[in-house]
Amino acid sequence: MSHVPLGPSSMLLKLVARRSIHYKTYPSVISLDSKALFAKSTKDNNLYQLLKTNLEKNRFRVSSKDDELSKDVNSVVTLPGTHSVIAEERARINGSAPVARWRRTPTLWFRIIRSQMKTYRESIKGLYRIHKTYKHVDPKPYSSPEMLKSLEAESLDSAITRKKFVEMYRRSEFWKLPRFVLMFFIFEEMFLVMVYLWPKLGLKSALTVGAYNKITNSHVFSEDLRNQMSGTVGVGKNTASISSPYDMNITTLKALLQQLPVNDVPKWKISVWKLFNIKPKIANLVSEKYKYYVVDDWLLLRSLLDPNVDHLTISDRELVNLIAERQLYSKGEDLNQMVNDVTGRQVLIWRMFLYWSFRFDKVDVLAPLKNGSFTGKWGVNNVSILNFPGTLAEFGDKVEMFNKQHLEWVE
Amino acid sequence: MSKPEFSKVFPSKKLVNRILFQLDSDVTSRTILPIYESIYNSNKIPTKYEKNGEVLFLMNQVLNKVRKISNYESTPLKHMRNFLLYKSANNGSNDAIALLCYEILSSKTTTTEKKKEAEKLLKDLIYHGHALSFKIVGDLNRLAGDNEEGLRWYNKFLEQPNLADELRGDVLEKIGEIEYKADVKNIKKAEQKFLEVIKICKLQDCVKSYFYLAQIYIKYDPMKAKVLLEQCCTQGFKEAFKELGYLEMNYFRDYRKAQEWFKIGMEVFEVECYFGYFDASFTLEQYSKCLNCLKSMENLSRIDKNYKDYIKMFVTHRADKIETVVKKCSVSKSAETKTAERVATPISSGKASTRWDM
């Protein structure tokens with residue numbers, strides 16, 4: 001039998017067939033193909049409209065000033081700064097207090113090191129304080145499954161806030177300190193070079209913007225993996241609506257876990273699990289991380305949509321961290337640079353908003369029992385939406401990120 | 001028809017000893033086994049123990065435990081248990097009186113006079129602070145549909161000193177059940193109660209708590225739910241088979257394990273297990289098993305009208321799958337027949353043919 005090439009009409013038919021399944025299953029997916037399609041896909045998305053109104057009414061703010069931040073939401077001390085120490089010191093040296101030209105360079109480097117040391121001191125102090133605060137706190141109510149259960153049953157203890165939740169999660173950073181001190185004594189000055197080369201050796205809250213950028217670039221969600229996972233939301237051939245972590249093979253699970261920014265299990269451990277084919281260990285870890293994202297999103301949205309709260313102000317550090325943890329960026333993007341730029345900041349905010357609009361549309365974060373819960377919409381540990389930005393292009397065939405050129409669509 | 005021998009009907013001495021040890025009793029099997037035998041053979045209690053209500057109630061408790069362990073009770077043992085309860089109540093065992101009162105008050109056929117008498121006795125027991133009576137009043141309120149009042153009495157029961165763990169667990173389980181069913185917002189309170197129950201009771205005494213906990217965890221911690229459901233299944237808890245089967249099939253994607261759980265569920269005629277078994281077998285491409293399952297469903301639908309409606313619904317929803325199954329089975333059947341024919345032909349015609357016929 002001779003081979004008959006597929007003509008454009010049959011390709012289109014295939015595409016349309018796929019599309020109809022896709023849109024039927026996931027009405028909250030947002031199209032980034034054209035302004036008209038974007039408007040059409042967001043028209044019936046109640047959460048999108050609500051978030052947009054909140055932003056227009058200035059009920060959602062991003063600030064770098066500590067005194068402006070919402071109290072129970074931000075944990076600034078656990079996150080790295082968004083400004084470059086080198087640029088700041090250079091500006092200072094060239095600015096108000098002029099330094100003689102011949103000693104500019106040594107002075108600049110002295111100040112940079114002094115400033116970095118100060119950051120480290122603050123970071124260690126902050127880590128110790130958090131460790132001390134949560135040392136005797138029972139971690140069970142703060143675990144992701146427990147939190148999700150409480151949120152869905154509307155029985156979350158009012159004392160548990162987003163700040164406490166993330167700090168409980170980030171407090172494990174304290175245990176990096178002994179290793180950090182030990183390595184500093186062993187390698188002395190060389191250790192600083194080592195931290196520069198492998199930024200993950202350093203303390204997260206003391207990272208420079210360059211080191212942070214290196215880390216975020218190492219955690220970019222690979223396009224293959226993203227398409228493979230979100231294949232269940234219309235891209236590719238898999239159109240099943242729910243995909244549990246056990247649906248994936250152990251190699252994909254390992255790859256997924258290793259590139260997740262919130263994963264703190266060492267690579268060697270995961271490799272050992274894979275070697276001995278202990279799939280449940282890896283799958284359970286992935287599902288735990290999945291729930292962490294859901295809870296974090298839920299707590300933020302709850303604060304934002306609460307009618308009793310006038311406005312929600314998150315810190316620029318938190319915004320960068322939100323985007324980085326959810327891998328809502330492409331390779332080469334400097335998130336710290338973006339957050340300090342007006343347009344870049346808007347892009348980041350809208351990425352978060354579209355991500356939430358996709359996941360939480362038709363989920364009532366304030367009254368899930370009455371109007372629909374998250375697990376009701378997405379099923380149990382549905383990893384097909386893990387770190388999915390909620391936006392597609394090429395008529396649903398490619399995962400696309402919201403960018404500068406799309407900003408005029410949301411005005 | 002003559003009665004079977006006592007030793008054939010009654011559980012082993014070893015089991016009785018174990019139960020007595022669990023009940024922390026100072027009476028040994030050497031004392032009570034002859035009493036059981038005497039009751040079994042001649043419906044008489046030896047004179048020495050005739051008026052000893054406590055020993056008689058203990059014997060009733062032993063039979064209760066046997067029933068719980070084996071999930072079965074033969075008619076002679078049931079008669080013996082009721083006889084012992086009645087006798088111990090007559091001889092001053094307050095626990096037996098309270099239990100008998102419950103039986104009378106919860107029965108729909110008992111006369112009003114008897115009920116009034118039972119009520120009076122129960123009131124007297126409560127007046128004297130008899131712990132079990134508080135639980136029984138709670139049970140009666142729950143039976144009447146007044147859960148709030150039931151809860152009040154259960155809490156009063158828990159305030160009593162020196163409660164046996166088993167009874168405490170039973171009441172906590174009931175409180176948990178009420179909380180769980182009343183409002184989803186109470187899920188945490190219910191969870192706490194169930195956790196307490198499984199901590200203080202043995203698995204066989206609190207299977208329901210395990211099951212409810214699994215229901216609570218199923219959406220948020222499927223691994224935990226799986227372990228709990230497996231525990232329920234070891235005790236033959238009927239509802240757990242389908243839950244575990246579906247969990248294995250839809251979340252852990254272990255279709256073979258799911259098939260096994262559904263298979264056990266099918267043996268106790270759990271209709272949803274038939275549906276699960278069909279789906280699991282279909283995914284594993286074991287079409288003949290699907291067909292057999294469909295045939296079993298057909299037989300089942302003849303027995304019960306409710307099953308009939310369910311199965312009808314199932315068949316409508318799985319029309320495509322059923323068509324595939326029938327098609328695949330008919331293809332394989334015809335292939336089998338052809339192979340059989342091919343194999344059979346040389347044998348049948350073998351005698352007549354010679355090697356030159358080839």
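The model shown is predicted, which means the values in this text are computed figures rather than measured ones.
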Are more than 12 heavy atoms from other residues, nucleotides or ligands located less than 6.0 Å from atom OH of B/Tyr310?
no
Can you establish whether the number of heavy atoms outside A/Lys279 located under 6.0 Å from its atom NZ is more than 12?
yes
Closest approach of A/Pro280 to B/Met223 (non-hydrogen atoms, all atoms of both residues):
CB-CE, 3.8 Å
How about A/Glu146 and B/Tyr220: does a side-chain donor come under 3.5 Å of a side-chain acceptor?
no
Min side-chain heavy-atom separation B/Tyr251-A/Pro245 under 4.5 Å:
yes
Tell me if the CD atom of B/Gln204 is crowded by more than 12 foreign heavy atoms within 6.0 Å.
yes
Crowded around B/Lys174 NZ? As in, over 12 foreign heavy atoms under 6.0 Å?
yes
Just wondering, are more than 12 heavy atoms of other shown residues or ligands nearer than 6.0 Å to NZ in B/Lys308?
no
B/Ile218 portion near chain A, given a 4.5 angstrom heavy-atom threshold:
backbone
By a 4.5 Å heavy-atom criterion (distance strictly below it), what part of A/Lys149 contacts chain B: side chain, backbone, both, or neither?
both
Part of A/Ser144 within contact of chain B (heavy atom distance under 4.5 Å):
neither
B/Lys238, NZ atom: more than 12 neighbouring heavy atoms under 6.0 Å
yes
With no hydrogens and no angle check, just 3.5 Å: does a side-chain donor-acceptor pair link B/Asp254 and A/Tyr246?
no
Closest non-hydrogen atoms of B/Ile187 and A/Ala153, given as atom of the first, atom of the second and distance, are CG2-CB, 3.6 Å
B/Lys188 atom NZ, over 12 foreign heavy atoms within 6.0 Å
yes
Is the NZ atom of A/Lys377 crowded by more than 12 outside heavy atoms at less than 6.0 Å?
yes
For A/Leu148, which atoms come within 4.5 Å of any heavy atom of chain B: side chain, backbone, both, or neither?
both
Interface moiety of B/Lys219 toward chain A, non-hydrogen atoms closer than 4.5 Å
both
Say you draw a straight line from NZ of B/Lys185 to OG of A/Ser155; how long is it, rounded to the nearest 0.5 Å?
9.5 Å
